[in-house]
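Report on the structure given below.
Every chain is numbered from 1 and lettered A, B, ... according to where its sequence line falls, protein lines coming before strand lines.
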There are 2 protein chains.
Amino acid sequence: MQISSRFTIAIHIFCCIDTFKNEKITSEFLASSVQVNPVIIRKILGQLKKAGLVQVHRGSGGAEISKPLDKITFLDIYKAVECVESKGLFHFHENPNPTCPVGRNMHSILDERLEHIQQVMEDELASMTLADVKKDLDKILGNDRT
Amino acid sequence: MQISSRFTIAIHIFCCIDTFKNEKITSEFLASSVQVNPVIIRKILGQLKKAGLVQVHRGSGGAEISKPLDKITFLDIYKAVECVESKGLFHFHENPNPTCPVGRNMHSILDERLEHIQQVMEDELASMTLADVKKDLDKILGNDRT
DNA sequence: TCGTGTTGTAATATCAATGATTACATTTTT
DNA sequence: AAAAATGTAATCATTGATATTACAACACGA
(Lines give C-alpha, C1' and ligand atoms only; values in the text may rest on other atoms or scores of the structure.)
Protein backbone atom coordinates (compact mmCIF):
# COMPACT_ATOMS: atom_id res chain seq x y z
CA MET A 1 0.00 0.00 0.00
CA GLN A 2 0.91 3.59 -0.42
CA ILE A 3 1.60 6.25 2.15
CA SER A 4 -1.53 8.41 2.43
CA SER A 5 -1.86 11.54 0.33
CA ARG A 6 -2.32 13.34 3.65
CA PHE A 7 1.48 13.53 3.65
CA THR A 8 1.85 15.39 0.35
CA ILE A 9 -1.23 17.47 1.11
CA ALA A 10 0.36 18.54 4.39
CA ILE A 11 3.50 19.68 2.61
CA HIS A 12 1.33 21.51 0.10
CA ILE A 13 -0.45 23.24 2.98
CA PHE A 14 2.81 24.43 4.51
CA CYS A 15 3.96 25.79 1.17
CA CYS A 16 0.71 27.71 0.77
CA ILE A 17 0.75 29.17 4.25
CA ASP A 18 4.30 30.37 3.81
CA THR A 19 3.86 31.64 0.26
CA PHE A 20 0.68 33.57 1.00
CA LYS A 21 1.66 34.65 4.47
CA ASN A 22 0.24 38.13 3.91
CA GLU A 23 -3.25 36.80 3.38
CA LYS A 24 -5.60 34.99 5.70
CA ILE A 25 -5.24 31.25 5.05
CA THR A 26 -8.60 29.54 5.53
CA SER A 27 -9.37 25.88 4.99
CA GLU A 28 -11.50 27.02 2.07
CA PHE A 29 -8.51 28.73 0.47
CA LEU A 30 -6.23 25.75 1.02
CA ALA A 31 -8.88 23.37 -0.28
CA SER A 32 -9.03 25.33 -3.51
CA SER A 33 -5.26 25.12 -4.05
CA VAL A 34 -5.06 21.42 -3.22
CA GLN A 35 -8.44 20.70 -4.81
CA VAL A 36 -9.84 18.53 -2.06
CA ASN A 37 -12.75 19.00 0.31
CA PRO A 38 -12.21 21.67 3.00
CA VAL A 39 -13.00 19.12 5.71
CA ILE A 40 -9.99 17.06 4.64
CA ILE A 41 -7.86 20.18 5.04
CA ARG A 42 -9.28 20.85 8.49
CA LYS A 43 -8.57 17.31 9.61
CA ILE A 44 -4.98 17.48 8.44
CA LEU A 45 -4.54 20.93 9.99
CA GLY A 46 -5.86 19.42 13.21
CA GLN A 47 -3.20 16.70 13.10
CA LEU A 48 -0.47 19.24 12.35
CA LYS A 49 -1.73 21.40 15.20
CA LYS A 50 -1.68 18.47 17.60
CA ALA A 51 1.95 17.87 16.59
CA GLY A 52 2.75 21.50 17.38
CA LEU A 53 3.63 22.41 13.81
CA VAL A 54 0.92 24.96 13.10
CA GLN A 55 -1.49 27.25 14.89
CA VAL A 56 -5.05 27.51 13.65
CA HIS A 57 -7.34 30.35 14.65
CA ARG A 58 -10.83 29.33 15.41
CA GLY A 59 -13.65 31.71 14.61
CA SER A 60 -11.54 34.40 13.00
CA GLY A 61 -9.88 31.88 10.74
CA GLY A 62 -6.34 31.59 9.46
CA ALA A 63 -3.35 29.35 10.02
CA GLU A 64 0.29 29.98 10.80
CA ILE A 65 3.40 27.87 10.94
CA SER A 66 4.76 27.45 14.47
CA LYS A 67 8.47 27.05 13.76
CA PRO A 68 11.09 28.19 11.26
CA LEU A 69 10.81 26.13 8.07
CA ASP A 70 14.26 24.61 8.53
CA LYS A 71 13.14 23.18 11.86
CA ILE A 72 10.29 21.15 10.34
CA THR A 73 11.37 17.92 8.68
CA PHE A 74 9.43 15.58 6.41
CA LEU A 75 9.59 13.08 9.27
CA ASP A 76 7.78 15.49 11.60
CA ILE A 77 5.01 15.80 9.03
CA TYR A 78 4.95 12.07 8.26
CA LYS A 79 4.56 11.22 11.93
CA ALA A 80 1.90 13.88 12.38
CA VAL A 81 -0.38 12.62 9.60
CA GLU A 82 0.34 8.89 9.33
CA CYS A 83 -2.04 7.68 12.00
CA VAL A 84 -1.08 4.00 11.75
CA GLU A 85 2.57 4.85 12.06
CA SER A 86 2.80 3.23 15.48
CA LYS A 87 2.26 -0.19 13.88
CA GLY A 88 5.37 0.10 11.76
CA LEU A 89 5.97 0.21 8.03
CA PHE A 90 5.67 -3.54 7.51
CA HIS A 91 2.57 -5.56 8.24
CA PHE A 92 3.63 -8.84 9.84
CA HIS A 93 1.37 -11.88 9.65
CA GLU A 94 0.69 -12.09 13.33
CA ASN A 95 0.18 -15.75 14.16
CA PRO A 96 2.77 -18.05 12.65
CA ASN A 97 2.44 -21.61 13.90
CA PRO A 98 4.36 -21.97 17.18
CA THR A 99 4.70 -25.72 16.70
CA CYS A 100 6.65 -25.21 13.45
CA PRO A 101 10.36 -24.50 13.96
CA VAL A 102 10.26 -21.99 11.11
CA GLY A 103 6.98 -20.35 12.06
CA ARG A 104 7.91 -19.91 15.69
CA ASN A 105 11.13 -18.09 14.78
CA MET A 106 10.01 -15.79 11.98
CA HIS A 107 9.70 -12.79 14.26
CA SER A 108 13.13 -13.10 15.79
CA ILE A 109 14.62 -13.48 12.32
CA LEU A 110 12.84 -10.59 10.64
CA ASP A 111 11.97 -7.94 13.21
CA GLU A 112 15.41 -6.41 13.44
CA ARG A 113 15.86 -6.22 9.66
CA LEU A 114 12.45 -4.70 9.02
CA GLU A 115 12.97 -2.12 11.74
CA HIS A 116 16.28 -1.24 10.20
CA ILE A 117 14.71 -0.63 6.79
CA GLN A 118 12.08 1.55 8.40
CA GLN A 119 14.76 3.43 10.28
CA VAL A 120 16.69 4.13 7.10
CA MET A 121 13.56 5.51 5.47
CA GLU A 122 12.78 7.69 8.46
CA ASP A 123 16.34 9.00 8.58
CA GLU A 124 15.91 10.04 4.97
CA LEU A 125 12.62 11.76 5.81
CA ALA A 126 14.34 13.50 8.69
CA SER A 127 17.04 14.85 6.40
CA MET A 128 14.61 16.94 4.35
CA THR A 129 13.06 20.13 5.68
CA LEU A 130 10.37 22.49 4.53
CA ALA A 131 13.08 25.09 4.01
CA ASP A 132 14.51 22.89 1.25
CA VAL A 133 11.26 22.65 -0.67
CA LYS A 134 10.41 26.30 -0.10
CA LYS A 135 13.76 27.29 -1.57
CA ASP A 136 13.00 25.28 -4.70
CA LEU A 137 9.51 26.71 -4.87
CA ASP A 138 10.74 30.29 -4.58
CA LYS A 139 13.25 29.65 -7.34
CA ILE A 140 10.46 28.44 -9.63
CA LEU A 141 8.13 31.27 -8.64
CA GLY A 142 10.81 33.78 -9.57
CA ASN A 143 10.51 32.63 -13.20
CA ASP A 144 6.78 32.00 -13.01
CA ARG A 145 5.14 35.28 -12.15
CA THR A 146 1.39 35.46 -12.51
CA MET B 1 -0.61 2.46 5.35
CA GLN B 2 1.50 -0.61 5.83
CA ILE B 3 3.28 -2.82 3.35
CA SER B 4 1.16 -5.93 2.85
CA SER B 5 1.80 -9.02 4.95
CA ARG B 6 2.26 -10.81 1.63
CA PHE B 7 5.85 -9.62 1.90
CA THR B 8 6.64 -11.28 5.23
CA ILE B 9 4.57 -14.33 4.28
CA ALA B 10 6.66 -14.71 1.13
CA ILE B 11 9.87 -14.67 3.15
CA HIS B 12 8.32 -17.20 5.51
CA ILE B 13 7.48 -19.40 2.53
CA PHE B 14 11.06 -19.32 1.26
CA CYS B 15 12.36 -20.24 4.71
CA CYS B 16 9.99 -23.20 4.89
CA ILE B 17 10.80 -24.49 1.43
CA ASP B 18 14.50 -24.36 2.15
CA THR B 19 14.30 -25.77 5.67
CA PHE B 20 12.07 -28.70 4.71
CA LYS B 21 13.62 -29.29 1.34
CA ASN B 22 13.50 -33.05 1.82
CA GLU B 23 9.73 -33.08 2.08
CA LYS B 24 7.06 -32.16 -0.43
CA ILE B 25 6.02 -28.56 0.21
CA THR B 26 2.33 -28.13 -0.55
CA SER B 27 0.27 -25.00 -0.12
CA GLU B 28 -1.52 -26.89 2.65
CA PHE B 29 1.75 -27.46 4.48
CA LEU B 30 2.86 -23.83 4.09
CA ALA B 31 -0.56 -22.58 5.16
CA SER B 32 -0.23 -24.51 8.39
CA SER B 33 3.17 -22.99 9.20
CA VAL B 34 2.10 -19.45 8.35
CA GLN B 35 -1.43 -20.00 9.69
CA VAL B 36 -3.31 -18.43 6.82
CA ASN B 37 -5.67 -19.85 4.24
CA PRO B 38 -4.01 -22.11 1.62
CA VAL B 39 -5.47 -19.97 -1.17
CA ILE B 40 -3.48 -17.00 0.10
CA ILE B 41 -0.34 -19.13 -0.11
CA ARG B 42 -1.18 -20.21 -3.65
CA LYS B 43 -1.70 -16.63 -4.75
CA ILE B 44 1.62 -15.53 -3.31
CA LEU B 45 3.37 -18.58 -4.80
CA GLY B 46 1.82 -17.59 -8.12
CA GLN B 47 3.33 -14.11 -7.82
CA LEU B 48 6.72 -15.51 -6.88
CA LYS B 49 6.53 -17.93 -9.79
CA LYS B 50 5.71 -15.13 -12.20
CA ALA B 51 8.80 -13.32 -10.93
CA GLY B 52 10.90 -16.41 -11.62
CA LEU B 53 11.78 -16.98 -7.98
CA VAL B 54 10.11 -20.36 -7.44
CA GLN B 55 8.80 -23.32 -9.40
CA VAL B 56 5.49 -24.85 -8.41
CA HIS B 57 4.44 -28.30 -9.55
CA ARG B 58 0.88 -28.55 -10.56
CA GLY B 59 -0.98 -31.78 -9.97
CA SER B 60 1.78 -33.60 -8.14
CA GLY B 61 2.29 -30.68 -5.80
CA GLY B 62 5.42 -29.21 -4.28
CA ALA B 63 7.45 -26.05 -4.64
CA GLU B 64 11.14 -25.33 -5.14
CA ILE B 65 13.29 -22.23 -5.06
CA SER B 66 14.67 -21.29 -8.48
CA LYS B 67 17.93 -19.61 -7.52
CA PRO B 68 20.58 -19.78 -4.82
CA LEU B 69 19.38 -18.00 -1.67
CA ASP B 70 22.09 -15.35 -1.90
CA LYS B 71 20.76 -14.34 -5.31
CA ILE B 72 17.27 -13.51 -4.02
CA THR B 73 16.99 -10.10 -2.33
CA PHE B 74 14.19 -8.66 -0.24
CA LEU B 75 13.64 -6.23 -3.10
CA ASP B 76 13.00 -9.08 -5.54
CA ILE B 77 10.35 -10.40 -3.18
CA TYR B 78 8.90 -6.96 -2.46
CA LYS B 79 8.49 -6.24 -6.15
CA ALA B 80 7.01 -9.67 -6.78
CA VAL B 81 4.23 -9.36 -4.19
CA GLU B 82 3.56 -5.61 -3.91
CA CYS B 83 1.08 -5.30 -6.76
CA VAL B 84 0.66 -1.53 -6.46
CA GLU B 85 4.39 -0.99 -6.53
CA SER B 86 4.21 0.65 -9.94
CA LYS B 87 2.38 3.59 -8.41
CA GLY B 88 5.22 4.43 -6.05
CA LEU B 89 5.53 4.46 -2.29
CA PHE B 90 3.87 7.86 -1.86
CA HIS B 91 0.32 8.65 -2.84
CA PHE B 92 0.25 12.09 -4.41
CA HIS B 93 -2.97 14.13 -4.44
CA GLU B 94 -3.40 14.11 -8.17
CA ASN B 95 -5.11 17.37 -9.08
CA PRO B 96 -3.61 20.41 -7.42
CA ASN B 97 -5.09 23.62 -8.75
CA PRO B 98 -3.20 24.69 -11.90
CA THR B 99 -4.26 28.31 -11.44
CA CYS B 100 -2.49 28.49 -8.06
CA PRO B 101 1.25 29.16 -8.28
CA VAL B 102 1.84 26.75 -5.41
CA GLY B 103 -0.57 24.06 -6.59
CA ARG B 104 0.72 24.01 -10.12
CA ASN B 105 4.30 23.47 -8.95
CA MET B 106 3.88 20.88 -6.20
CA HIS B 107 4.82 17.98 -8.45
CA SER B 108 8.03 19.52 -9.73
CA ILE B 109 9.02 20.37 -6.16
CA LEU B 110 8.27 17.02 -4.57
CA ASP B 111 8.59 14.26 -7.16
CA GLU B 112 12.35 14.06 -7.11
CA ARG B 113 12.56 14.02 -3.33
CA LEU B 114 9.89 11.37 -2.90
CA GLU B 115 11.50 9.18 -5.53
CA HIS B 116 14.80 9.52 -3.73
CA ILE B 117 13.29 8.35 -0.44
CA GLN B 118 11.73 5.39 -2.19
CA GLN B 119 15.05 4.63 -3.86
CA VAL B 120 16.87 4.63 -0.52
CA MET B 121 14.34 2.19 0.89
CA GLU B 122 14.63 -0.07 -2.13
CA ASP B 123 18.40 -0.01 -1.97
CA GLU B 124 18.12 -1.19 1.61
CA LEU B 125 15.75 -3.97 0.57
CA ALA B 126 18.17 -4.92 -2.17
CA SER B 127 21.01 -5.27 0.33
CA MET B 128 19.35 -8.11 2.21
CA THR B 129 19.15 -11.62 0.81
CA LEU B 130 17.40 -14.81 1.79
CA ALA B 131 20.83 -16.28 2.52
CA ASP B 132 21.16 -13.76 5.36
CA VAL B 133 17.91 -14.72 7.03
CA LYS B 134 18.46 -18.43 6.44
CA LYS B 135 21.82 -18.18 8.16
CA ASP B 136 20.17 -16.63 11.21
CA LEU B 137 17.42 -19.22 11.14
CA ASP B 138 19.87 -22.11 10.99
CA LYS B 139 21.76 -20.64 13.90
CA ILE B 140 18.57 -20.56 15.97
CA LEU B 141 17.49 -24.02 14.85
CA GLY B 142 20.83 -25.40 15.98
CA ASN B 143 19.91 -24.47 19.55
CA ASP B 144 16.21 -25.20 19.13
CA ARG B 145 15.92 -28.85 18.17
CA THR B 146 12.46 -30.38 18.26
C1' DT C 1 -7.14 -45.22 -17.40
C1' DC C 2 -9.17 -44.15 -13.22
C1' DG C 3 -8.82 -42.12 -8.70
C1' DT C 4 -6.51 -39.16 -5.64
C1' DG C 5 -4.19 -35.21 -4.33
C1' DT C 6 -2.77 -30.75 -5.73
C1' DT C 7 -2.61 -26.31 -8.08
C1' DG C 8 -4.83 -22.28 -10.38
C1' DT C 9 -8.48 -19.28 -10.21
C1' DA C 10 -13.06 -17.29 -9.88
C1' DA C 11 -16.57 -15.66 -6.93
C1' DT C 12 -18.00 -13.82 -2.47
C1' DA C 13 -17.74 -11.92 1.95
C1' DT C 14 -15.81 -9.20 5.63
C1' DC C 15 -13.11 -5.63 7.38
C1' DA C 16 -10.35 -1.47 7.57
C1' DA C 17 -8.67 2.86 5.62
C1' DT C 18 -9.20 6.67 2.48
C1' DG C 19 -11.42 10.38 0.90
C1' DA C 20 -15.93 13.13 -0.18
C1' DT C 21 -19.71 15.35 1.61
C1' DT C 22 -23.37 17.34 4.59
C1' DA C 23 -24.57 19.25 8.74
C1' DC C 24 -24.09 21.76 12.72
C1' DA C 25 -22.33 23.35 17.26
C1' DT C 26 -18.69 26.41 18.72
C1' DT C 27 -15.90 30.35 18.52
C1' DT C 28 -14.25 34.99 17.17
C1' DT C 29 -14.84 39.42 15.40
C1' DT C 30 -17.58 43.27 13.99
C1' DA D 1 -26.98 39.67 17.02
C1' DA D 2 -24.87 38.50 12.48
C1' DA D 3 -21.20 36.78 9.75
C1' DA D 4 -17.38 33.93 8.99
C1' DA D 5 -14.49 30.18 10.45
C1' DT D 6 -13.11 26.05 12.70
C1' DG D 7 -13.91 21.40 14.95
C1' DT D 8 -16.21 17.33 14.56
C1' DA D 9 -19.72 13.83 13.93
C1' DA D 10 -22.21 11.06 10.75
C1' DT D 11 -22.66 8.89 6.19
C1' DC D 12 -21.24 7.12 1.97
C1' DA D 13 -18.45 5.18 -1.88
C1' DT D 14 -14.38 3.12 -3.12
C1' DT D 15 -10.43 0.37 -2.63
C1' DG D 16 -7.31 -3.15 -0.91
C1' DA D 17 -6.43 -7.03 2.26
C1' DT D 18 -7.53 -11.25 3.76
C1' DA D 19 -10.60 -15.42 4.38
C1' DT D 20 -13.30 -18.85 2.41
C1' DT D 21 -15.82 -21.97 -0.76
C1' DA D 22 -15.96 -24.16 -4.93
C1' DC D 23 -14.33 -26.29 -8.83
C1' DA D 24 -11.81 -27.07 -13.26
C1' DA D 25 -7.24 -28.49 -14.82
C1' DC D 26 -3.47 -31.31 -14.08
C1' DA D 27 -0.02 -35.09 -12.77
C1' DC D 28 1.00 -39.37 -11.11
C1' DG D 29 0.58 -43.90 -9.08
C1' DA D 30 -2.11 -48.04 -8.70
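- Counting heavy atoms of neighbouring residues, nucleotides and ligands inside a 6.0 Å radius, atom CD of B:E112 does not exceed 12 of them.
- Distance CZ (B:F90) to C1' (C:dT18): 17 Å, rounded to an integer number of Å.
- Using a 4.0 Å cut-off between charged side-chain N and carboxylate O, A:K71 and A:D76 make no salt bridge.
- In this model, a donor atom of one side chain and an acceptor atom of the other lie less than 3.5 Å apart for B:H12 and B:S33.
- Atom CD of B:E28 is separated from atom P of C:dT4 by 18 Å (rounded to the nearest Å).
- Residue order along DNA chain C, read from the 5' end via each residue's closest nucleotide, puts B:K49 first among A:S4 and B:K49.
- Side-chain contact of A:E124 with B:H116: a donor-acceptor pair under 3.5 Å is present, judged by distance alone.
- Residue A:K50 contributes atom NZ, which lies 15 Å from atom C1' of D:dT6 at whole-angstrom precision.
- If you check every strand for non-hydrogen atoms under 4.0 Å, B:K24 touches sugar and phosphate atoms only.
- Of the two residues near DNA chain D, A:K43 and A:H57, the one whose nearest nucleotide lies more 5' is A:H57.
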For nucleotides 22-30 of chain D, read 5' to 3', which letter fits each nucleotide if B means a protein heavy atom sits under 4.0 Å from the base, S means only the sugar-phosphate is that close, and - means neither? ---BBSS--
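- Checking A:Q119 against A:E115 by side-chain atom types alone, no donor-acceptor pair falls below 3.5 Å.
- Contact check on A:K135 versus A:D132 returns no salt bridge, with no Lys/Arg side-chain nitrogen under 4.0 Å from an Asp/Glu carboxylate oxygen.
- Atom CG in B:L30 sits roughly 12 Å away from atom P in C:dT6 (whole-Å rounding).
- When rounded to the nearest whole Å, the span between CD1 of B:I3 and C1' of C:dA16 equals 18 Å.
- Looking at the side chain of B:V36, the nearest of the listed nucleotides D:dA19, D:dT18, C:dT7 is D:dA19.
- In this structure, CD of A:E82 is placed 18 Å from P of C:dA16, rounded to the nearest angstrom.
- Distance alone, capped at 3.5 Å, is enough to place a donor-acceptor pair between the A:E82 side chain and the A:S4 backbone.
- Rounded to whole Å, atom P of C:dG8 lies 14 Å from atom CD1 of B:I40.
- For B:N37, the side-chain atoms get nearest to D:dT21 when compared with the rest of D:dT21, C:dT18, D:dT18.
- Between A:H91 and D:dT18 there is a side-chain polar atom (N or O) within less than 4.0 angstrom of OP1 or OP2.
- Separating the CZ atom of B:F92 from the P atom of C:dG19 is a distance of 13 Å, rounded to the nearest angstrom.
- Nearest to the side-chain atoms of B:T26 among the listed nucleotides D:dT18, D:dT6, C:dT6 stands C:dT6.
- Between D:dT6 and A:S27, a contact under 4.0 Å exists linking OP1 or OP2 to a side-chain N or O.
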